[in-house]
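Residue numbering restarts at 1 for every chain, and letters A, B, ... go by the order of the sequence lines. Side-chain atoms are counted along with the backbone in the values below, which use heavy atoms only and exclude waters and symmetry mates.
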Amino acid sequence: MVVLSNNDGCLISRSDEAKVLGFKMGEPYHQVRPLLELSRVKVFSSNYALYGDMSRRVVQVLSEFAAGVEVYSIDEAFLDFRGMSLLAPDLQRYGEQLRERVWRDTGIPTCVGIAPSKTLAKLANRLARKQKSSVKMLNNEADCQTALAQTLVGDVWGIGRRYARKLREQGIMTAADLAAQPESWVRRHLGGVVGLRLWRELHGQPCLEWNPAEDGDDEQLPPATGRHSLTHTRSFGRPQHELTALSEAVATFAARTGEKLRRHGLAAHLVTVLLGTDRYAPGIDSATRTAVAHLPIATDDTPLLTQAARRGLRRLHRPGVAYHRAGVLLSGLETAGQGQLYLFTPAAQLPPARPQLMAALDRLNNQFGRQTVRLAAAAGPKPAWEGWRAYQSPAYTTDWENLWQVK
DNA sequence: TCTGGGGTCCTAGGACCC
DNA sequence: TCTGGGGTCCTAGGACCC
């Protein structure tokens, strides 16, 4: 079985059998499609509503096992065991219990890595998965050394393809080799302070921030370091030239960013529009061009965001150019309703804030489906630029139509 | 017809300011 | 030989993560 990226573009997830058959992560679907059919591999479009909901359920279980849970990605979380008085053997057992509970309540298999730093915990988790032991603990010098020696340098969290190659060229093959380098060398060759943090983390010295889940049924958490930006971008099903179509796309994307903003209780000062040509066309100085609009006061109001985004688009758009991708990026984020007051402009002249209207909009769209109510500037149900999703599985846990079927 | 999307952090050059 | 120094903003790009 394989799962495809948005627009059914690339292979982004593969079962063990598909891996054995030689299908690679990130391979373009259209290139391997005949081979997939020949091998009778089941193909699925990605289904983020389903994954998001299952992820939420797993996190719910995790939060019963530690005071602090940091949701790092859709399928990973850090648990804060500081201050817990469990001794090593009990900690191991605790990890196993956690895993059993997640399995029982969600049917999702997990692995647990326990270590003094995030980077070492990731490394331990990886070994747990490889060694089929499900829980791996690194709580003394000897175990850490063994684990580092068993890990290729490219498999360390924070070492990507480029750094891995560079390190290998220097004869640094394993995480242990990297940890053995002098600090100054690491600082010089591995992106400055970024590399330094990584190196210290490998030595069991926590250097990465603890960012607990913002979630918050009851907030007694440290100040949210929060996110700095929020985007919605899409590749088009086919290239778009016309300002009208692009404008509809950008308005639709702006509305999505507005929804995300309100869900997180944030407001944005800066609205960036991105417009991209064909990334794969040879020779063209392709790439993405951007335009930024500054809002006088931070807002989470969809009409204002849309207006700003469309203004930016008009500045970017060149007639006759084939655009393959567009997006809206919001930055300069702050907590909604806690913004700087405006000194010189009388309140009556400020852009209108319509929290109730936005709340009503979100309620309707949550209840009756995305885009049930939208701005006229946004695109209708089947826009020309929308891509494919040919093999979508049902979102059983979130889609009320499917819930009825299950009944 | 055809190659994902959402993030973070860091660096650099050009245009501009005083 | 020799060209000020300290800023900001904008845009772009490189590295990494999932």
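- The residue A:D75 sits close only to the backbone: its heavy atoms come under 4.0 Å of sugar-phosphate atoms, none of a base.
- Listed pair A:H30 / B:dT1 fails the phosphate criterion, with no side-chain N or O lying under 4.0 Å from OP1 or OP2.
- Side-chain nitrogen and oxygen atoms of A:H294 include at least one within less than 4.0 Å of the OP1 or OP2 phosphate oxygen of C:dC10.
- Put simply, CG on A:L11 is 19 Å from P on C:dC18, counting in whole angstrom units.
- Taking the six-membered ring where tryptophan is involved, the planes of A:Y323 and A:H317 are tilted, since the angle between them lies from 30° to 60°.
- Note on A:R161: only backbone sugar-phosphate atoms sit closer than 4.0 angstrom, heavy atoms only; bases stay farther off.
- To the nearest angstrom, P of B:dT3 lies 7 Å from CG of A:N7.
- An OP1 or OP2 oxygen of B:dG4 is reached within less than 4.0 angstrom by no side-chain nitrogen or oxygen of A:T233.
- When both pairing distances are held under 3.5 Å, B:dC18 makes a Watson-Crick or G-U pair with C:dG5.
- The side chain of A:R315 lies closest to C:dT11 when the candidates are C:dT11, C:dC18, B:dC10.
- Counting only heavy atoms from C-beta on, A:P239 has its side chain closest to B:dC2 among B:dC2, B:dC10, C:dC18.
- A:K166 places its NZ atom 15 Å from the P atom of C:dG14, with the value rounded to the nearest Å.
- With sequence neighbours excluded, the residues that form a side-chain hydrogen bond (donor to acceptor under 3.5 Å, both in side chains) with A:R126 are A:D155.
- Across all strands shown, A:L4 has no heavy atoms under 4.0 Å from either base or sugar-phosphate atoms.
- Contact annotation: A:R234 side-chain N/O to B:dG6 OP1/OP2 distance is under 4.0 Å.
- Atom OH of A:Y163 and atom C1' of B:dC9 are 10 Å apart (whole Å).
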Show your reasoning for whether ring pair (Phe, Tyr, Trp, His ring centres under 6.0 Å) applies to A:W157 and A:Y72.
CA-CA 13 Å; A:W157 189 38; A:Y72 176 63; 5.4 Å; yes
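- For A:S235 and B:dT3, the shortest distance from a side-chain N or O to OP1 or OP2 is not below 4.0 Å.
- Side chain of A:H228, nearest nucleotide from B:dT8, C:dC18, C:dT11: B:dT8.
- The side chain of A:T290 has C:dA12 as its nearest neighbour among C:dA12, C:dC18, B:dG5.
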Would A:S15 and A:E17 satisfy side-chain hydrogen bond (donor to acceptor under 3.5 Å, both in side chains), going step by step from the backbone distance to the final call?
CA-CA 5 Å; A:S15 66; A:E17 296 83 355; 3.1 Å; yes
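- Look at A:K122 and you won't find any side-chain N or O under 4.0 angstrom from OP1 or OP2 of C:dC17.
- Nearer the 5' end of DNA chain B, as judged by each residue's closest nucleotide, is the contact made by A:C10, out of A:T231 and A:C10.
- A:Y29 comes within contact range of no nucleotide atom at all, as no heavy-atom separation falls under 4.0 Å.
- What separates NZ of A:K118 from C1' of B:dT8 is a distance of 12 Å, to the nearest Å.
- Distance check, rounded to the nearest 0.5 Å: CG of A:L266 to CG of A:L330 gives 9.5 Å.
- Taking every heavy atom of residues 37-58 of chain A and every atom of DNA chain B, no pair lies under 4.0 Å.
- Contact check for A:Q371 versus A:T252: side-chain heavy atoms found under the 4.5 Å cut-off.
- Taking only side-chain nitrogens and oxygens, A:N6 comes nearer than 4.0 Å to OP1 or OP2 of B:dG5.
- Atom CZ of A:R197 and atom P of B:dC9 are 9 Å apart (whole Å).
- Listed candidates were C:dC18, C:dC16, B:dG6. Nearest to the side chain of A:R162 is C:dC16.
- Aromatic stacking of A:Y280 on B:dT3: satisfied, with centres closer than 5.5 Å and planes within an angle under 30 degrees.
- Side chains of A:R57 and A:T106: a donor-acceptor N/O pair is absent below 3.5 angstrom, by distance only.
- Atom CZ in A:R279 sits roughly 5 Å away from atom P in B:dG4 (whole-Å rounding).
- Judged by distance alone, the side chains of A:T302 and A:R262 do bring a donor and an acceptor atom under 3.5 Å apart.
- Taking the side chain as every heavy atom from C-beta outward, A:E96 and A:Q92 approach each other to under 4.5 Å.
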What verdict does the salt bridge (Lys or Arg N to Asp or Glu O under 4.0 Å) test give for A:E37 and A:R33, after you've listed the backbone C-alpha separation in whole Å, the side-chain angles of each residue and the deciding distance to 0.1 Å?
CA-CA 6 Å; A:E37 283 168 5; A:R33 188 175 181 165; 3.4 Å; yes
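- As judged by a 4.0 angstrom heavy-atom cut-off over every strand, A:I74 is placed among residues making no nucleic acid contact.
- If you check B:dG7, C:dC18, B:dT3 against the side chain of A:E76, the one that comes closest is C:dC18.
- Judged by closest nucleotide on DNA chain B, A:G26 is the one of A:G26 and A:K260 placed further toward the 5' end.
- Comparing C:dG4 with B:dC17, their C1' atoms are spaced 15 Å from each other, to the whole Å.
- If you measure from atom CG of A:L196 to atom P of B:dC9, you get 17 Å, rounded to the nearest angstrom.
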